[in-house]
Amino acid sequence: MERARSTVRSRRGQNEVVTTVILITVVLILAAIFIIISMINFGKASASTSLSLAESFMTDVADDIEASMYNPGTVLVYPIPGTQYGMFNFVNNYCSITINGATYTSGALIYGTPPNYASLPSGYIQVIRGSSSNGAYNVIKESTIIQNAAAPLISIVQYGTSTMNGMTYGTYIALFPRVLVVDESSNVYVYIPIFNVIQSGLRNTLVVNITSISVYTMYGTSISPLTVSISDTCGPLSKSLTINNVMNLRLVIINITMTFR
């Protein structure tokens, strides 16, 4: 009888130990899951903060370029802000501008985050700095050709998931130039900023150099006026414009060099 009671107590003790081990295991698993979720949420929140920091940085760069672009020889230097959840990079030939058959290409400065930290749907667009062709701001519409001299000439737009240069971004912000067309009766002026980007493995400093300005003029006559055909494609954005009966066409090419150091 005494043995039976001892056996029952022994089994009860073993059951209590097993139950305790199971509870501890469940608690540890739940704690691990909580830590993982917290780390993911922290990474996403940090990625969002990094995007805001990159946006502010790019806005400062765009403002300075626009204020200095007509002064060749100007050099602008910017320390790259510390963003641990994304990277600044250059994209060659981001924009393709064609004017009456002549093609010009421009690079772009981008900041992108990996899909696991920040991801937006493909086709997403948010205009940070830019406008429609007449200069009116629209948060989801951007024109690569503008006809209002008061509108920003350097554009900043955020896009959704995309792959560029073999890298996939959950979202990225692009800083790129637009084309300004000023139509004064029969005289047309076309301003084309071009980013000549020089790739570098360094990411400490962004250096922007207003390299040169070139001006080209084409003339029409009253008998044979010019027809000016312009198209500009930058990333997923595209715009075309045709102007008839042009007597004088002046192209102003603004060369801007960008590199990292």
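Note: hydrogens, waters and symmetry copies are ignored here, and every other heavy atom, side chains too, is used.
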Next item on the list: Take Ile254 and Ile256 through the test side chain to side chain contact (heavy atoms under 4.5 Å, CB included) and record every step on the way to the result.
Entry: CA-CA 6 Å; Ile254 307 163; Ile256 301 167; 4.1 Å; yes
Between Val252 and Tyr189, does the side chain to side chain contact (heavy atoms under 4.5 Å, CB included) criterion hold? Intermediate values first, please.
CA-CA 7 Å; Val252 181; Tyr189 301 85; 5.7 Å; no
Apply side chain to side chain contact (heavy atoms under 4.5 Å, CB included) to the pair Ile145 and Ile230, showing each step before the final yes or no.
-> CA-CA 9 Å; Ile145 299 175; Ile230 306 168; 3.8 Å; yes
Exercise for review: Dump the intermediate steps for side chain to side chain contact (heavy atoms under 4.5 Å, CB included) on Ile253 and Ile194, then the final yes or no.
Suggested key: CA-CA 7 Å; Ile253 311 297; Ile194 293 176; 3.7 Å; yes
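When all heavy atoms of Ile146 and Ser132 are compared, the closest pair comes out as CG2-O, 3.9 Å. The heavy-atom pair separating Val246 from Leu249 by the smallest distance is CG1-N, 4.2 Å. Residues Ser238 and Thr233 approach most closely at OG-OG1, 3.1 Å, considering heavy atoms. Contact record, Gly135 with Ala151: CA-CB, 3.8 Å, taken as the closest heavy-atom pair. For the residue pair Pro81 and Phe57, the shortest heavy atom distance occurs at CD-CD1, 3.6 Å. Taking all atoms of both residues into account, the shortest heavy-atom contact from Ser229 to Thr242 is OG-OG1, 4.2 Å.
Using a 4.5 Å cut-off on side-chain heavy atoms (C-beta onward), Leu109 and Leu206 make contact. Residues Ile97 and Thr105 are not in side-chain contact: their nearest non-hydrogen atoms beyond the backbone lie 4.5 Å or more apart. Taking the side chain as every heavy atom from C-beta outward, Tyr85 and Ser50 approach each other to under 4.5 Å. Looking at heavy atoms from C-beta onward, Thr161 lies out of side-chain contact with Pro115 at the 4.5 angstrom threshold. With a 4.5 Å cut-off on side-chain heavy atoms, Gln199 and Thr259 do not count as touching.
With hydrogens and angles left out, the side-chain atoms of Thr257 and Asn196 include no donor and acceptor closer than 3.5 Å. No donor-acceptor contact under 3.5 angstrom links the side chains of Asn148 and Asn134, judged on distance only. Residues Thr211 and Asn209 bring no donor and acceptor atom of their side chains to less than 3.5 Å of each other. Side-chain atoms of Asn255 and Ser212 form a donor-acceptor pair, as typed in the model, at a separation below 3.5 Å. Remark: the Asn89 side chain and the Arg203 side chain contain an N/O donor-acceptor pair separated by less than 3.5 Å.
In this structure, OG1 on Thr113 lies 7.5 Å from CG on Leu120, to the nearest 0.5 angstrom. Between Ser96 atom OG and Tyr104 atom OH the span is 11.5 Å, to the nearest 0.5 Å. The structure places CG of Leu237 at 9.0 Å from CG of Asp232, a figure rounded to the nearest 0.5 Å. Put simply, CE on Met247 and CG on Asn187 are 9.0 Å apart, with the number rounded to the nearest 0.5 Å. To the nearest 0.5 Å, atom CD1 of residue Ile192 and atom CD1 of residue Ile213 are 13.0 Å apart. Note that OG of Ser186 and CD1 of Ile243 are 11.5 Å apart. Values are rounded to the nearest 0.5 Å.
In this structure, Val208 is a member of the same hydrophobic cluster as Ile156, with clusters built from ILVMFWY side-chain heavy atoms closer than 4.5 Å. By the rule that hydrophobic residues join a cluster once side-chain heavy atoms approach within less than 4.5 Å of another member, Phe195 and Met164 end up as members of separate clusters. The same ILVMFWY cluster, assembled from side-chain heavy atoms under 4.5 Å apart, contains both Ile154 and Ile210. Cluster membership check: Ile140 shares its hydrophobic cluster with Val127, using side-chain heavy-atom separations under 4.5 Å among Ile, Leu, Val, Met, Phe, Trp and Tyr. In the hydrophobic clustering of ILVMFWY residues, with side-chain heavy atoms under 4.5 Å counting as a link, Ile110 and Phe260 come out apart.
Looking at Arg129 and Glu66, a side-chain N of the basic residue comes within less than 4.0 Å of a carboxylate O on the acidic one, giving a salt bridge.
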Taking distance alone, no hydrogens or angles, what donor-acceptor pairs closer than 3.5 Å link side-chain atoms of residues 170-184 to residues at least two apart or in another chain?
{"residue": "Thr171", "atom": "OG1", "partner": "Gln158", "partner atom": "NE2", "Å": "3.0"}
{"residue": "Thr171", "atom": "OG1", "partner": "Tyr159", "partner atom": "O", "Å": "2.6"}
{"residue": "Tyr172", "atom": "OH", "partner": "Tyr94", "partner atom": "OH", "Å": "3.4"}
{"residue": "Arg178", "atom": "NE", "partner": "Pro152", "partner atom": "O", "Å": "3.2"}
{"residue": "Arg178", "atom": "NH1", "partner": "Ser131", "partner atom": "O", "Å": "2.8"}
{"residue": "Arg178", "atom": "NH1", "partner": "Glu142", "partner atom": "OE1", "Å": "3.3"}
{"residue": "Arg178", "atom": "NH1", "partner": "Ser143", "partner atom": "O", "Å": "2.8"}
{"residue": "Arg178", "atom": "NH2", "partner": "Ser131", "partner atom": "OG", "Å": "3.2"}
{"residue": "Arg178", "atom": "NH2", "partner": "Pro152", "partner atom": "O", "Å": "2.5"}

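With Ser56 contributing its side chain and Ser52 its backbone, the two residues share no donor-acceptor pair below 3.5 Å. Side-chain atoms of Thr98 never come within 3.5 Å of backbone atoms of Gly101 as a donor-acceptor pair (strictly under, hydrogens ignored). Judged by distance alone, with hydrogens and angles left aside, the side-chain atoms of Ser224 form no donor-acceptor pair with the main-chain N or O of Thr221 at under 3.5 Å.
Here salt bridge (charged side-chain N to carboxylate O under 4.0 Å, His left out) pairs that include residues 191-201, with residues two or more places apart or in two chains, number zero.
For Tyr137, the OH atom counts as densely surrounded, since its 6.0 Å shell holds more than 12 non-hydrogen atoms of other residues, nucleotides or ligands. Within 6.0 Å of CZ on Arg261 lie no more than 12 heavy atoms contributed by other residues, nucleotides or ligands.
Using a 4.5 Å cut-off between side-chain heavy atoms of Ile, Leu, Val, Met, Phe, Trp and Tyr, Val75 falls into a hydrophobic cluster with Val77, Val207.
Between Tyr111 and Phe88, the angle of the ring planes lies from 30° to 60°, which puts this pair in the tilted group.
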